[in-house]
Peer 1: 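Once you've had a glance at the structure underneath, I'll fire off some questions.
Bear in mind that the values here come from a model prediction, so they are computed numbers and not experimental data. Computed over heavy atoms, backbone and side chain alike; hydrogens, waters and symmetry mates excluded.
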Amino acid sequence: HYLGEDEHTSYPAVKTPLKGTNILGWYRSNKEAVVGVSEPLLVDEVEKLCQKYEGLVLLQNVALPIRNREYSYRPDIALWWEKYEILIDIEIDEPYDICSRKPLHYIGCSDNLRDQYFIRNGWTVIRYSENQVTKHMTELIGHLEFVLNWLSNKATVGYIPFEAKRWTYEEAIEISSAAQRERDLELKAQHKNTINQKQAIGASYDNFIKPNSDILPEIGEVSHDSLIESQLKYVMASCAAYVRITDLD
């Protein structure tokens, strides 16, 4: 079952492959993963869940290769249940990036393309909003158990339904301007520094261009080295307020 972009209007969202779809294996990545603020909270609860379901394994720091591409897709949290040939990518969606203020996971973004890749390669994708992770963890884990039982053809247990509305690009900008994530996560000091830093790095909430469609770049359009260099410059510039270098000696 695949939720198209028009159907994915709320969280949680569950997208599953057709029965019998070949499963694409993962590999252990040597690169340090970028971890979201709320991700460790959910990891702790998922680890407890793995103790409850025999054979359910939490996969750490894994990635899915993409043919003819110099990058891979990395699940926020990955689960492997070998007995039932179930692989799950759990994603935590935030409305914007705290550092750059850039809107994220809005309706019409590239998440749709990414999810299709996972599903066509035998993975189930579950998307939760960050607010559900930080404010409704009990209900979230109940929902995750419901999905696990459903996928493994076990008797499904009831769970408290909870939903969070998915945001548009314009709504993400409004949420970013109000610094809602910082308030929810109690990051008051970081919020102040981020707003002050906005003018210094030449950023504006209105400067980010919404893509017209989800299109992967053509092969050879940009070299790997130049891509890494440009991304490094962007990260160092946009996150200057959060970087502190100390002498370890």
Peer 1: Give the minimum heavy-atom separation between Thr168 and Tyr106, together with the two atoms involved.
Peer 2: C-CB, 3.6 Å
Peer 1: Could you tell me which residues satisfy ring-ring contact (aromatic ring centres under 6.0 Å, His included) with Tyr128, sequence neighbours excluded, listed by chain and number?
Peer 2: His143
Peer 1: Quick one: closest heavy-atom pair of Asp89 and Pro75, and the distance?
Peer 2: OD1-CB, 3.1 Å
Peer 1: I would like to know whether Tyr53 and Glu145 meet side chain to side chain donor-acceptor pair (under 3.5 Å); could you show each step before the answer?
Peer 2: CA-CA 9 Å; Tyr53 287 81; Glu145 285 200 68; 2.8 Å; yes
Peer 1: Answer yes or no: is there a side-chain heavy-atom contact under 4.5 Å between Ile86 and Leu79?
Peer 2: no
Peer 1: Compare every heavy atom of Thr134 with every heavy atom of Ser38, then report the nearest pair and how far apart it is.
Peer 2: CB-CG2, 3.9 Å
Peer 1: In sequence, state the C-alpha distance, the side-chain angles, and the governing distance for Lys52 and Ile141, and then conclude on side chain to side chain contact (heavy atoms under 4.5 Å, CB included).
Peer 2: CA-CA 12 Å; Lys52 183 177 179 179; Ile141 294 300; over 6 Å; no
Peer 1: Can I get a per-line list of side-chain donor-acceptor pairs under 3.5 Å for residues 117-126, giving both atom names and the distance, sequence neighbours left out?
Peer 2:
from, atom 1, to, atom 2, distance (Å)
Tyr117, OH, Pro65, O, 2.4
Arg120, NH2, Gln116, OE1, 2.7
Asn121, ND2, Tyr117, O, 2.8
Trp123, NE1, Leu24, O, 3.0

Peer 1: Which pairs pass salt bridge (Lys or Arg N to Asp or Glu O under 4.0 Å) with one or both residues in residues 128-137, sequence neighbours excluded?
Peer 2: Glu130-Arg181
Peer 1: I want to check something: taking the side chain as every heavy atom from C-beta on, are Met137 and Leu42 in contact at a cut-off of under 4.5 Å?
Peer 2: yes
Peer 1: Under a 4.5 Å cut-off applied to non-hydrogen side-chain atoms, are Gln60 and Val43 in contact?
Peer 2: yes
Peer 1: Looking at every non-hydrogen atom in both residues, tell me the closest pair between Arg127 and Tyr11 and how far apart they are.
Peer 2: O-CD2, 3.4 Å
Peer 1: As a quick check of understanding, evaluate salt bridge (charged side-chain N to carboxylate O under 4.0 Å, His left out) for Glu94 and Lys102, giving each step before the final call.
Peer 2: CA-CA 11 Å; Glu94 312 92 345; Lys102 184 177 181 180; over 6 Å; no
